[in-house]
Protein chains: 2
Amino acid sequence: MGPTEHHSEEAILNAAQIVFLRRGFYGTRMQEIADEAGINKALLHYYFRSKDKIFEAIFLGSLKNFLPQILEILDSDEPFEKKINTFFSNYIGLLLKNPHIPNFIMHEVAHNPERLQSFFKKSFEAIPKKFLKQIKDEIDAGRIEKQDPRHILVSLLSLAIFPFAAKPILQFGLNLTDEEFKQFIIERKKYLPEFVMKSLRKK
Amino acid sequence: MGPTEHHSEEAILNAAQIVFLRRGFYGTRMQEIADEAGINKALLHYYFRSKDKIFEAIFLGSLKNFLPQILEILDSDEPFEKKINTFFSNYIGLLLKNPHIPNFIMHEVAHNPERLQSFFKKSFEAIPKKFLKQIKDEIDAGRIEKQDPRHILVSLLSLAIFPFAAKPILQFGLNLTDEEFKQFIIERKKYLPEFVMKSLRKK
DNA sequence: GTCTATATAGGGATAGAC
DNA sequence: GTCTATCCCTATATAGAC
């Protein structure tokens with residue numbers, strides 16, 4: 001077993017990641033994956049049995065890279081305000097490196113909810129329980145305003161993720177080049193923690 | 001409605017709207033549109049020349065229903081705080097009636113940006129200039145904290161739209177039934193204006 | 001206008017040589 | 001393991017009867 005044997009399989013996965021994120025499941029052609037990987041179409045079927053199998057690998061990989069990372073940050077032992085900072089900083093940083101992931105996941109999940117369920121069932125705990133508990137504790141301690149902790153959670157996710165999903169529309173609406181949009185997002189990474197904390201803090 | 005009437009064109013458009021939003025462009029089969037409309041597949045080509053033509057009609061219709069409505073609310077003459085209220089109330093209300101629109105638009109725009117451009121070019125002004133100016137005035141008057149108005153705009157959109165796009169994931173993560181999720185969104189309609197205003201107001 | 005039947009192409013998958 | 005050639009089904013689109 002030489003290292004060359006794994007080269008193709010890896011090339012296929014890399015290529016598939018690019019093409020599936022660019023075109024979605026139904027928009028993807030096996031030929032395009034093969035071209036992107038620099039190999040033959042038949043080889044795709046040699047390594048993976050079907051288009052569906054390749055997609056499964058990419059989709060689960062994407063979920064595994066993104067959902068648990070949120071949970072990890074949110075369920076860490078950091079103090080609340082520090083954690084809000086870490087969340088935006090790390091998560092937006094991660095998204096900057098993988099800007100197409102949100103649309104990809106949301107679209108495929110909307111069109112095929114079963115995939116999500118099987119992932120959740122075996123892979124990991126979906127609810128950031130410690131974080132929701134932490135918010136409750138902050139409220140009880142009188143440090144933040146009384147409110148449903150779930151709304152805070154959803155707001156954090158919305159503020160961080162939406163701009164990536166809506167990028168083309170926002171970019172057009174705000175009349176920004178690619179580089180300017182990236183700068184806008186980087187500014188946002190610094191802007192959001194204070195935006196959120198200012199709302200939550202009890203006066 | 002019977003296929004003998006000449007509601008056919010309308011029936012096709014209604015059916016296409018449902019199917020394209022459910023499956024996306026590539027996931028949609030002409031047969032499924034025909035079934036949904038209760039007519040024959042060949043009739044689709046009689047009224048519209050191709051799948052692409054039907055899609056174009058649906059996609060432009062969706063854009064026309066949703067983007068200008070945001071702009072209208074934001075560029076109205078309402079005072080700032082009242083407007084924030086109106087925005088969440090009206091727009092989330094609109095989305096509750098059309099929950100699949102955000103994902104549909106964002107996905108198709110990401111995969112085919114040219115469609116968006118031609119729409120913007122001829123149809124309407126994309127930037128809510130009056131709203132951005134209004135924020136600037138509020139800042140100058142010392143009523144809200146100094147900040148980039150564009151971040152406020154993007155935050156409003158994020159908070160209102162994201163939960164619809166991410167619905168299946170949030171629903172699973174928060175362990176909510178369809179009805180409970182809907183209630184959660186309705187609560188959010190009341191929750192968000194104060195969440196935002198509390199952050200913006202100058203202390 | 002609406003149908004049935006059919007042409008045509010495209011794309012996922014397999015066979016078999018090397 | 002990797003290629004070329006090919007199978008075969010599916011989906012868009014058209015032809016033609018009524």
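Quick note on labels: first sequence line is chain A, next is B, and so on, each numbered from 1. Values reported hereafter were calculated over all heavy atoms of this structure, with side chains retained and with hydrogens, waters and symmetry mates removed.
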Would you call [X]-[Y] a salt bridge at under 4.0 Å N-O?
X: B:R22; Y: B:E32; result: yes
X: A:K182; Y: A:D178; result: no
X: B:R201; Y: B:E194; result: yes

Taking atom [atom2] of [N] as reference, at what distance in whole Å does atom [atom1] of [X] sit?
X: A:Y47; N: D:dT2; atom1: OH; atom2: C1'; answer: 8 Å
X: B:N40; N: D:dT12; atom1: CG; atom2: P; answer: 14 Å
X: A:L44; N: C:dT14; atom1: CG; atom2: C1'; answer: 13 Å
X: A:L43; N: D:dT2; atom1: CG; atom2: P; answer: 5 Å
X: A:E9; N: D:dG1; atom1: CD; atom2: P; answer: 9 Å
X: A:I33; N: C:dA13; atom1: CD1; atom2: P; answer: 10 Å
X: B:I12; N: C:dT2; atom1: CD1; atom2: P; answer: 8 Å

Measure from the side chain of A:Y46, starting at C-beta and using heavy atoms only, and say which of D:dT2, D:dT4, C:dT2 lies closest.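 Looking only at side-chain atoms, A:Y46 lies closest to D:dT2.
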
As a test of reading the structure: which of C:dC3, C:dT2, D:dT2 is closest to the side chain of B:S8, going by heavy atoms?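 Given the options C:dC3, C:dT2, D:dT2, the side chain of B:S8 is closest to C:dT2.
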
Residue pairs involving residues 66-78 of chain B (criterion side chain to side chain donor-acceptor pair (under 3.5 Å); sequence neighbours excluded):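 Side chain to side chain donor-acceptor pair (under 3.5 Å) check on residues 66-78 of chain B returns B:D77-B:K130, B:E78-B:K82, B:E78-B:T86.
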
Under 3.5 Å, which protein N or O atoms sit close to an N or O of nucleotides 10-12 of chain C? Give each pair with its distance.
| unit_1 | atom_1 | unit_2 | atom_2 | d |
| --- | --- | --- | --- | --- |
| C:dG11 | OP1 | A:R29 | NH1 | 3.2 |
| C:dG12 | OP1 | A:T28 | O | 3.3 |
| C:dG12 | OP1 | A:K51 | NZ | 3.2 |
| C:dG12 | OP2 | A:M30 | N | 2.8 |
| C:dG12 | N7 | A:K41 | NZ | 3.3 |

Test the A:R115-A:F55 pair against the cation-pi criterion, namely NZ or CZ under 6.0 angstrom from the six-membered ring centroid and within 45° of the ring axis.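 No, cation not above the ring by the 6.0 Å, 45° rule.
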
Side-chain donor-acceptor pairs of residues 90-103 of chain B under 3.5 Å, sequence neighbours excluded:
| unit_1 | atom_1 | unit_2 | atom_2 | d |
| --- | --- | --- | --- | --- |
| B:Y91 | OH | B:F66 | O | 3.3 |
| B:N98 | ND2 | B:L94 | O | 3.1 |
| B:N103 | ND2 | B:A165 | O | 2.8 |

